[in-house]
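Any value given below was found using the heavy atoms of this structure, including those in side chains, with hydrogens, waters and symmetry copies removed. Along the sequence shown, residues are numbered consecutively beginning with 1. As the structure is a prediction and not an experimental result, all values here were calculated from the model.
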Amino acid sequence: MTMNIFRFLGDMAHLASILILLLKINQSRSAAGISFKSQALYLLVFVTRYPDLFYKFFSVYNTVYMKAFFLASSGWICYAMQLRFKATWDPKLDTLRVEYLLAPCSILAILLCDKYTPAEILWTFSILLEAVAILPQLFQLTRTGEAETITSHYLFALGAYRGLYLLNWLYRGLVEGHKVEVIAVLAGMVQTGLYCDFFYVYFTKVMKGKKFQLPA
(Lines give C-alpha, C1' and ligand atoms only; values in the text may rest on other atoms or scores of the structure.)
Protein backbone atom coordinates (compact mmCIF):
# COMPACT_ATOMS: atom_id res chain seq x y z
CA MET A 1 0.00 0.00 0.00
CA THR A 2 1.43 3.39 -1.00
CA MET A 3 1.71 6.14 1.59
CA ASN A 4 -0.60 9.14 1.66
CA ILE A 5 -1.37 11.72 4.33
CA PHE A 6 -4.48 9.90 5.57
CA ARG A 7 -2.65 6.60 5.94
CA PHE A 8 0.27 8.25 7.73
CA LEU A 9 -1.98 10.16 10.15
CA GLY A 10 -4.04 7.01 10.68
CA ASP A 11 -0.92 5.03 11.50
CA MET A 12 0.19 7.75 13.94
CA ALA A 13 -3.23 7.74 15.62
CA HIS A 14 -3.09 3.94 15.89
CA LEU A 15 0.38 4.10 17.37
CA ALA A 16 -0.77 6.79 19.82
CA SER A 17 -3.72 4.66 20.94
CA ILE A 18 -1.50 1.70 21.78
CA LEU A 19 1.11 3.85 23.53
CA ILE A 20 -1.62 5.51 25.60
CA LEU A 21 -3.01 2.11 26.60
CA LEU A 22 0.46 0.82 27.50
CA LEU A 23 1.07 3.96 29.55
CA LYS A 24 -2.28 3.59 31.35
CA ILE A 25 -1.63 -0.04 32.29
CA ASN A 26 1.99 0.46 33.34
CA GLN A 27 1.55 3.70 35.28
CA SER A 28 -1.59 2.66 37.14
CA ARG A 29 -0.54 -1.01 37.43
CA SER A 30 -4.13 -1.74 36.54
CA ALA A 31 -6.30 -2.92 33.67
CA ALA A 32 -9.49 -1.49 35.18
CA GLY A 33 -11.88 -0.12 32.59
CA ILE A 34 -10.28 -2.04 29.72
CA SER A 35 -12.07 -4.86 27.93
CA PHE A 36 -9.87 -7.93 27.67
CA LYS A 37 -12.20 -9.32 25.02
CA SER A 38 -11.59 -6.32 22.77
CA GLN A 39 -7.83 -6.61 23.28
CA ALA A 40 -7.91 -10.34 22.48
CA LEU A 41 -9.90 -9.62 19.31
CA TYR A 42 -7.36 -6.99 18.24
CA LEU A 43 -4.56 -9.50 18.78
CA LEU A 44 -6.46 -11.95 16.56
CA VAL A 45 -6.85 -9.19 13.96
CA PHE A 46 -3.08 -8.71 13.79
CA VAL A 47 -2.28 -12.44 13.83
CA THR A 48 -4.60 -13.09 10.86
CA ARG A 49 -3.55 -9.94 8.96
CA TYR A 50 0.22 -10.28 9.26
CA PRO A 51 1.21 -13.94 8.73
CA ASP A 52 3.67 -12.72 6.07
CA LEU A 53 5.70 -11.03 8.83
CA PHE A 54 7.68 -14.26 9.18
CA TYR A 55 8.57 -14.79 5.51
CA LYS A 56 8.39 -11.48 3.64
CA PHE A 57 10.10 -8.12 4.28
CA PHE A 58 8.57 -4.97 2.78
CA SER A 59 10.24 -2.09 4.62
CA VAL A 60 11.33 -1.12 8.12
CA TYR A 61 8.19 1.02 8.44
CA ASN A 62 5.84 -1.70 7.25
CA THR A 63 7.48 -4.75 8.84
CA VAL A 64 8.89 -3.40 12.09
CA TYR A 65 6.42 -0.63 12.94
CA MET A 66 3.20 -1.81 11.32
CA LYS A 67 3.45 -5.51 11.94
CA ALA A 68 5.99 -6.49 14.60
CA PHE A 69 5.12 -3.65 16.96
CA PHE A 70 1.36 -4.13 16.77
CA LEU A 71 1.65 -7.89 17.26
CA ALA A 72 4.10 -7.59 20.16
CA SER A 73 2.25 -4.79 21.94
CA SER A 74 -1.14 -6.48 21.60
CA GLY A 75 0.32 -9.72 22.87
CA TRP A 76 1.86 -7.95 25.86
CA ILE A 77 -1.41 -6.18 26.68
CA CYS A 78 -3.30 -9.50 26.70
CA TYR A 79 -0.56 -11.06 28.82
CA ALA A 80 -0.63 -8.18 31.30
CA MET A 81 -4.41 -8.27 31.61
CA GLN A 82 -4.57 -12.01 32.18
CA LEU A 83 -1.47 -12.52 34.31
CA ARG A 84 0.31 -9.48 35.74
CA PHE A 85 -2.76 -7.36 36.50
CA LYS A 86 -5.55 -9.92 36.29
CA ALA A 87 -6.94 -8.94 39.70
CA THR A 88 -7.70 -5.44 38.37
CA TRP A 89 -9.77 -6.66 35.41
CA ASP A 90 -13.43 -7.29 36.17
CA PRO A 91 -14.88 -10.07 33.96
CA LYS A 92 -18.36 -9.29 35.28
CA LEU A 93 -18.29 -6.06 33.26
CA ASP A 94 -16.67 -7.56 30.16
CA THR A 95 -19.63 -9.68 29.12
CA LEU A 96 -20.26 -9.25 25.40
CA ARG A 97 -20.40 -12.66 23.69
CA VAL A 98 -17.53 -12.57 21.21
CA GLU A 99 -18.74 -15.66 19.36
CA TYR A 100 -21.51 -13.46 17.96
CA LEU A 101 -18.75 -11.39 16.35
CA LEU A 102 -16.37 -14.17 15.33
CA ALA A 103 -18.92 -16.39 13.59
CA PRO A 104 -20.36 -13.76 11.19
CA CYS A 105 -16.89 -12.42 10.39
CA SER A 106 -15.66 -15.93 9.58
CA ILE A 107 -18.59 -16.68 7.30
CA LEU A 108 -18.46 -13.29 5.55
CA ALA A 109 -14.70 -13.59 5.03
CA ILE A 110 -15.26 -16.77 3.03
CA LEU A 111 -18.16 -15.30 1.07
CA LEU A 112 -16.66 -11.87 0.34
CA CYS A 113 -12.95 -12.50 -0.21
CA ASP A 114 -11.54 -11.65 -3.65
CA LYS A 115 -9.60 -14.90 -3.96
CA TYR A 116 -10.04 -18.23 -2.24
CA THR A 117 -6.55 -18.38 -0.84
CA PRO A 118 -5.66 -18.66 2.86
CA ALA A 119 -3.92 -15.27 2.86
CA GLU A 120 -6.86 -13.48 1.22
CA ILE A 121 -9.46 -15.12 3.46
CA LEU A 122 -7.45 -14.25 6.57
CA TRP A 123 -6.98 -10.64 5.39
CA THR A 124 -10.71 -10.25 4.73
CA PHE A 125 -11.50 -11.79 8.13
CA SER A 126 -9.11 -9.36 9.86
CA ILE A 127 -10.70 -6.34 8.15
CA LEU A 128 -14.20 -7.44 9.14
CA LEU A 129 -13.20 -8.35 12.70
CA GLU A 130 -11.37 -5.06 13.26
CA ALA A 131 -14.60 -3.21 12.43
CA VAL A 132 -16.38 -4.79 15.40
CA ALA A 133 -13.50 -5.59 17.79
CA ILE A 134 -14.20 -2.42 19.77
CA LEU A 135 -17.75 -3.53 20.60
CA PRO A 136 -16.86 -5.36 23.87
CA GLN A 137 -15.09 -2.20 25.05
CA LEU A 138 -18.00 0.06 24.12
CA PHE A 139 -20.45 -2.39 25.67
CA GLN A 140 -18.45 -2.38 28.90
CA LEU A 141 -18.43 1.41 28.79
CA THR A 142 -22.23 1.48 28.63
CA ARG A 143 -22.34 -0.77 31.70
CA THR A 144 -20.05 1.41 33.81
CA GLY A 145 -21.30 4.70 32.34
CA GLU A 146 -17.91 6.36 32.74
CA ALA A 147 -14.22 6.02 31.96
CA GLU A 148 -10.90 7.33 33.18
CA THR A 149 -9.64 10.29 31.16
CA ILE A 150 -6.63 8.36 29.86
CA THR A 151 -8.90 5.50 28.76
CA SER A 152 -11.10 7.96 26.88
CA HIS A 153 -7.97 9.34 25.14
CA TYR A 154 -7.07 5.78 24.10
CA LEU A 155 -10.51 5.21 22.63
CA PHE A 156 -10.48 8.56 20.85
CA ALA A 157 -7.11 7.83 19.21
CA LEU A 158 -8.33 4.38 18.18
CA GLY A 159 -11.50 5.85 16.67
CA ALA A 160 -9.50 8.56 14.88
CA TYR A 161 -7.29 5.86 13.38
CA ARG A 162 -10.27 4.09 11.88
CA GLY A 163 -11.79 7.31 10.54
CA LEU A 164 -8.50 8.33 8.92
CA TYR A 165 -8.03 4.89 7.39
CA LEU A 166 -11.51 5.13 5.89
CA LEU A 167 -10.38 8.36 4.20
CA ASN A 168 -7.18 6.58 3.14
CA TRP A 169 -9.10 3.83 1.33
CA LEU A 170 -11.36 6.38 -0.38
CA TYR A 171 -8.38 8.55 -1.37
CA ARG A 172 -6.54 5.57 -2.83
CA GLY A 173 -9.53 4.63 -4.97
CA LEU A 174 -10.81 8.04 -6.01
CA VAL A 175 -7.58 10.05 -6.32
CA GLU A 176 -4.67 7.63 -6.75
CA GLY A 177 -6.58 5.35 -9.10
CA HIS A 178 -6.15 2.13 -7.16
CA LYS A 179 -8.87 -0.47 -6.89
CA VAL A 180 -11.43 0.55 -4.28
CA GLU A 181 -11.33 -2.00 -1.46
CA VAL A 182 -15.08 -2.14 -0.89
CA ILE A 183 -14.82 -4.41 2.14
CA ALA A 184 -12.28 -2.11 3.81
CA VAL A 185 -14.41 0.98 3.08
CA LEU A 186 -17.61 -0.60 4.40
CA ALA A 187 -15.84 -1.98 7.48
CA GLY A 188 -14.34 1.45 8.13
CA MET A 189 -17.76 3.07 7.86
CA VAL A 190 -19.22 0.56 10.32
CA GLN A 191 -16.49 1.07 12.90
CA THR A 192 -16.47 4.85 12.56
CA GLY A 193 -20.24 4.81 13.01
CA LEU A 194 -19.88 2.79 16.22
CA TYR A 195 -17.82 5.64 17.67
CA CYS A 196 -20.35 8.42 17.01
CA ASP A 197 -21.83 8.52 20.54
CA PHE A 198 -18.39 8.22 22.08
CA PHE A 199 -17.01 11.09 19.98
CA TYR A 200 -19.93 13.30 20.99
CA VAL A 201 -19.34 12.75 24.72
CA TYR A 202 -15.57 13.06 24.27
CA PHE A 203 -15.78 16.46 22.57
CA THR A 204 -18.51 17.85 24.83
CA LYS A 205 -16.97 16.68 28.12
CA VAL A 206 -13.39 15.42 28.04
CA MET A 207 -12.16 18.18 25.72
CA LYS A 208 -13.63 20.69 28.18
CA GLY A 209 -11.76 19.18 31.11
CA LYS A 210 -14.67 17.15 32.45
CA LYS A 211 -14.81 13.44 33.26
CA PHE A 212 -16.02 11.10 30.54
CA GLN A 213 -19.51 10.12 31.63
CA LEU A 214 -22.36 8.85 29.49
CA PRO A 215 -25.70 10.66 29.75
CA ALA A 216 -28.05 9.05 32.25
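- Residues Tyr165 and Phe6 have side chains not in contact (no heavy-atom distance under 4.5 Å, counting atoms from C-beta outward).
- Heavy atoms from other residues, nucleotides or ligands lying under 6.0 Å from CE of Met12 number more than 12.
- The nearest pair of heavy atoms linking Thr151 to Gly33 is CG2-O, 4.1 Å.
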- Task: Begin from the C-alpha positions of Val201 and Asp197 and carry the test side chain to side chain contact (heavy atoms under 4.5 Å, CB included) through to its verdict.
- Result: CA-CA 6 Å; Val201 178; Asp197 287 345; 5.7 Å; no
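- When side chains are defined from C-beta on, Lys115 does not count as touching Ile121, because their heavy atoms never get closer than 4.5 Å.
- Taking all atoms of both residues into account, the shortest heavy-atom contact from Leu93 to Thr144 is CD1-CG2, 3.7 Å.
- Heavy-atom minimum distance, Ala109 versus Thr124: CA-CG2, 3.8 Å.
- A perpendicular orientation is assigned to the rings of Tyr195 and Phe198, their planes being inclined by more than 60° (bins at 30° and 60°).
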- Query: Should Leu108 and Ile183 be marked as a side chain to side chain contact (heavy atoms under 4.5 Å, CB included) after you check the CA-CA gap, both sets of side-chain angles, and the distance that decides it?
  - Reply: CA-CA 10 Å; Leu108 288 173; Ile183 294 175; over 6 Å; no
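- Here the shortest heavy-atom pairing between Phe199 and Ala160 reads CZ-N, 4.0 Å.
- Within the structure, the side-chain hydrogen bond (donor to acceptor under 3.5 Å, both in side chains) test picks out the following pairs touching residues 15-30 (sequence neighbours left out): Lys24-Glu148.
- A 4.5 Å side-chain heavy-atom check between Tyr116 and Ile110 finds at least one atom pair inside the cut-off.
- Counting heavy atoms from C-beta on, the side chains of Glu181 and Ile127 never come closer than 4.5 Å.
- For the pair Thr88 and Ala31, the tightest heavy-atom approach, listed with the atom from each and the gap, is OG1-N, 2.7 Å.
- Side chains of Tyr202 and His153: a donor on one and an acceptor on the other come within 3.5 Å.
- Contact check for Tyr161 versus Ile18: no side-chain heavy atoms found under the 4.5 Å cut-off.
- Taken to the nearest 0.5 Å, the CG atom of Leu15 stands 10.5 Å off from the CE atom of Met66.
- Summarising the geometry of Pro91 relative to Thr95, their closest heavy-atom pair is O-CG2, 3.7 Å, with the distance given to 0.1 Å.
- Here Tyr100 sits alone; no ILVMFWY side chain lies under 4.5 Å from its own, so it joins no hydrophobic cluster.
- Here the straight-line distance linking atom CZ of Arg143 with atom CG of Asp90 works out to 8.5 Å at 0.5 Å rounding.
- Within the 4.5 Å cutoff, no side-chain heavy atoms of Lys205 are placed close to those of Phe212.
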- Going through the checks in order, is the salt bridge (charged side-chain N to carboxylate O under 4.0 Å, His left out) test met by Lys67 and Asp52? CA-CA 9 Å; Lys67 298 179 179 180; Asp52 59 355; 3.0 Å; yes
Donor-acceptor list for residues 68-81 side chains, cut-off 3.5 Å, not counting sequence neighbours:
{"residue": "Ser73", "atom": "OG", "partner": "Phe69", "partner atom": "O", "Å": "2.7"}
{"residue": "Ser73", "atom": "OG", "partner": "Phe70", "partner atom": "O", "Å": "3.3"}
{"residue": "Ser74", "atom": "OG", "partner": "Phe70", "partner atom": "O", "Å": "3.0"}

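- Using a 4.5 Å cut-off on side-chain heavy atoms (C-beta onward), Pro136 and Leu101 make contact.
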- Give the C-alpha distance, both sets of side-chain angles, the deciding distance and a yes or no for side chain to side chain contact (heavy atoms under 4.5 Å, CB included) between Ile134 and Leu155. CA-CA 9 Å; Ile134 195 61; Leu155 290 172; 3.7 Å; yes
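- Contact annotation: the side chain of Arg49 approaches that of Glu130 to within less than 4.5 Å [non-hydrogen atoms, C-beta and beyond].
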